[in-house]
There are 2 protein chains.
Amino acid sequence: MVKSAARLRLSPVQPGLCAKCPVRKFAAYSGVPASALKFLQSARSSDRIVPPRRNIFWEEKGADELFTLYDGWAFTFKLLADGRRQILEFLLPGSLIGMHALWFKAMPHSAQTLTSVSLCVFDKEKFRDLLRRKPEYERELLKYMTSSLAVRDRRLSDLGRRPAKERIARLILEIFGRLTARDMVDGHSFTFYPRQQHLADALGLTKVHVSRTLQVLRQEGLLELERDTATILDLKGLRELADYTETEASGW
Amino acid sequence: MVKSAARLRLSPVQPGLCAKCPVRKFAAYSGVPASALKFLQSARSSDRIVPPRRNIFWEEKGADELFTLYDGWAFTFKLLADGRRQILEFLLPGSLIGMHALWFKAMPHSAQTLTSVSLCVFDKEKFRDLLRRKPEYERELLKYMTSSLAVRDRRLSDLGRRPAKERIARLILEIFGRLTARDMVDGHSFTFYPRQQHLADALGLTKVHVSRTLQVLRQEGLLELERDTATILDLKGLRELADYTETEASGW
DNA sequence: CGGATTTTTGAAAACCATCAACGCGGGTGG
DNA sequence: CCACCCGCGTTGATGGTTTTCAAAAATCCG
């Protein structure tokens, strides 16, 4: 099963009509008013398939487009002068990518694919038109951004104040929650594309320490991470360890 | 001079007409269209003065109001179960506080004053009306939120990937930039209300380590922090150490 | 099967936390 | 006005978490 899911990434599902979009109820789309769908469709200038490990856009460069992720996994990140990387967000189907482009000349971060990915591409200007014509949608995006900021603040607390074990547990639980909302889990298992290096870069750790900490979590019977597959062995225990409340698991 | 500035906090400046508001060009207000001022004024249900070290609202509680900070310093933060604190953002005049209340039942963080503070208070429902009536303002807020998210992502990178010295340097430079935009600096000196414990909680460090690191920065002739006053001794050197580019210094 | 990527392991060191104590200074109350 | 108290910053000793460096083992992919 996992294998076939992984194989899927080689030819990602491609989007069709916005009105029938299956990811429409997720993330940035969750509140798109039906009346705006026509405009959303017309602002969508094209679709695009991007292979794994390719950048979608680059930090400090300009961008004329923004995207929604239709299928596949990706992430946003920043690079420091010495090459160290901080992953800011893992992008899942429904994620809106590159809003910054709407108003600013330079992107504040890069975006890169993890799997092969299919994107809905929106021309910057057309998207601005859409916002002007459909303030309800604009309002929905404002809500989406507010919620995104809250998620980012949780991660900030994790990096600032939690030890490695909790950081890892919480990130896995967060992704588990998002995937559950998308019906992309199989019981307590799910396909998981980030490598240990990605976890490290998202959590402010080194891959070595991530490796060691994952072993502890496995030995404690809480969590198992194999290549491309994560299995939560003890959800209750993991939540407890991670101090992860139910309310943290909704809405994006 | 510092003395008198500190004394000012005991009776903060109170707001008058939105149309003549001196902080209107900062942060959340920077793009308020003149046409929206009338509505902004009418959405403003009252003013409020809050003494130092008081919460403005509480994490996990609901809120019926949102605020803009008119005068004084404050910050937002989250508490962990064991009492550890993560400061998310320092709030300066012009900051919009508590947007989350517009759509969500529970606040994702708390807000607390550092000095005595004066707030413009907006009723949640009236503010929603304002957005409905003035989509230009709504659009401006969307831009503001986007930019806030980018700032948060910089801090995330700092916590994840930078050592204590750089974190401190960068936070000071960020605040210096924001204060400069507000004309609240005196050359390379400025009034600075956070204590070392606040820096620690914002940067994911302990107050002890902040103290030691500040001593190093002082000995290196880069930065001096006394009670209520910060002085940048060597701006160029500090920027270099902090890897702080000019573009990081604008727009919020 | 062979090369590349990813994960694991070990040893040593760096960075930062913890704990505890002391000093300084400002504000407050007697 | 002075003494006291409390918040805040400092200092030292010690320990833990995490990093670094290097290398080997495991896994994947073509």
Side-chain angles (χ1 to χ4, degrees), chain A residues 2-7 9-10 51-53 80 82-86 112 114-116 158-169 191-219 223-230, chain B residues 2-7 9-10 51-53 80 82-86 112-116 158-169 192-219 223-230:
Chain A
V2 170
K3 261 289 195 322
S4 71
R7 217 172 283 289
R9 299 276 72 72
L10 299 175
R53 309 177 142 275
L80 303 195
D82 62 359
R84 293 164 77 104
R85 179 173 71 172
Q86 177 64 45
Q112 185 171 120
L114 222 32
T115 65
S116 182
D158 291 350
L159 293 207
R161 289 300 183 216
R162 290 185 193 271
K165 213 160 118 183
E166 292 181 33
R167 292 188 210 176
I168 293 178
T191 310
F192 187 82
Y193 294 106
R195 302 277 157 254
Q196 293 188 9
Q197 179 70 68
H198 294 112
L199 293 183
D201 288 340
L203 298 174
L205 303 167
T206 59
K207 62 184 180 186
V208 173
H209 197 58
V210 167
S211 170
R212 293 195 232 267
T213 308
L214 282 174
Q215 291 175 57
V216 174
L217 286 168
R218 184 173 347 150
Q219 279 159 25
L223 172 67
E224 180 131 19
L225 234 79
E226 311 155 82
R227 192 187 192 82
D228 291 345
T229 308
Chain B
V2 171
K3 261 289 207 291
S4 70
R7 217 172 283 287
R9 298 276 72 73
L10 298 175
R53 311 180 138 271
L80 303 195
D82 62 358
R84 293 163 79 103
R85 180 173 69 172
Q86 177 64 47
Q112 185 171 120
T113 59
L114 222 34
T115 64
S116 182
D158 291 350
L159 294 206
R161 290 301 183 215
R162 290 186 193 270
K165 213 162 120 183
E166 292 180 32
R167 292 188 210 176
I168 293 178
F192 187 82
Y193 294 106
R195 301 278 156 254
Q196 292 188 6
Q197 180 69 67
H198 295 111
L199 293 184
D201 288 338
L203 298 174
L205 303 167
T206 58
K207 63 182 181 189
V208 173
H209 197 59
V210 167
S211 170
R212 291 196 232 267
T213 308
L214 281 174
Q215 289 175 60
V216 174
L217 286 169
R218 184 176 349 161
Q219 278 160 24
L223 173 66
E224 181 131 21
L225 235 81
E226 313 155 82
R227 190 188 191 79
D228 292 344
T229 308

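Lettering of chains follows the sequences in order, A, B, ..., and the numbering in each one begins at 1. Not measured: the values here are computed from a predicted model. The figures here come from the full heavy-atom set of this structure, side chains too, leaving out hydrogens, waters and symmetry mates.
Regarding contacts with the backbone of dT10(D), a side-chain N or O of Gln196(B) is found under 4.0 angstrom from either OP1 or OP2. In this model, the phosphate group of dT9(C) is approached by a side-chain N or O of Gln215(A) to a distance below 4.0 Å at OP1 or OP2. The shortest distance between the side-chain N/O atoms of Arg218(A) and the OP1/OP2 oxygens of dT8(C) is below 4.0 Å. Distances shorter than 4.0 Å separate none of the side-chain N or O atoms of Thr206(B) from OP1 or OP2 on dC16(C). Phosphate proximity of dT18(C) to Arg84(B): present, with a side-chain N or O under 4.0 Å from OP1 or OP2. In this structure, Arg53(B) reaches the dC8(D) phosphate: one of its side-chain N or O atoms is under 4.0 Å from OP1 or OP2.
The separation between Asp228(B) atom CG and dG25(C) atom P is 15 Å, rounded to whole Å. Protein atom CD of Glu226(B) is 14 Å distant from nucleotide atom C1' of dC24(C), rounded to whole Å. Between the CD atom of Gln197(A) and the C1' atom of dT20(D) there is a distance of 14 Å, rounded to whole Å.
Along DNA chain C, the nucleotide closest to Gly160(A) and the one closest to Leu214(A) are compared, and the more 5′ of them pairs with Leu214(A).
The base of dG12(D) is paired with the side chain of Arg212(B) by a donor and an acceptor separated by under 3.5 Å.
Checked by atom type and distance alone, the side chain of Thr113(B) pairs as donor or acceptor with a backbone atom of Pro51(B) at under 3.5 Å.
A heavy-atom distance below 4.5 Å is found between the side chains of Leu159(B) and Gln86(B). Residues Asp228(B) and Tyr193(B) meet the side-chain proximity criterion, which asks for heavy atoms closer than 4.5 Å.
Of the options Leu223(B), Thr213(B), Leu214(B), a side chain to side chain contact (heavy atoms under 4.5 Å, CB included) to Lys165(B) is made by Thr213(B) and by none of the others.
Nearest to the side-chain atoms of Ser211(A) among the listed nucleotides dT19(D), dT9(C), dC16(C) stands dT9(C). The side chain of Val208(A) sits closest to dT20(D) out of dT20(D), dT27(D), dT18(C).
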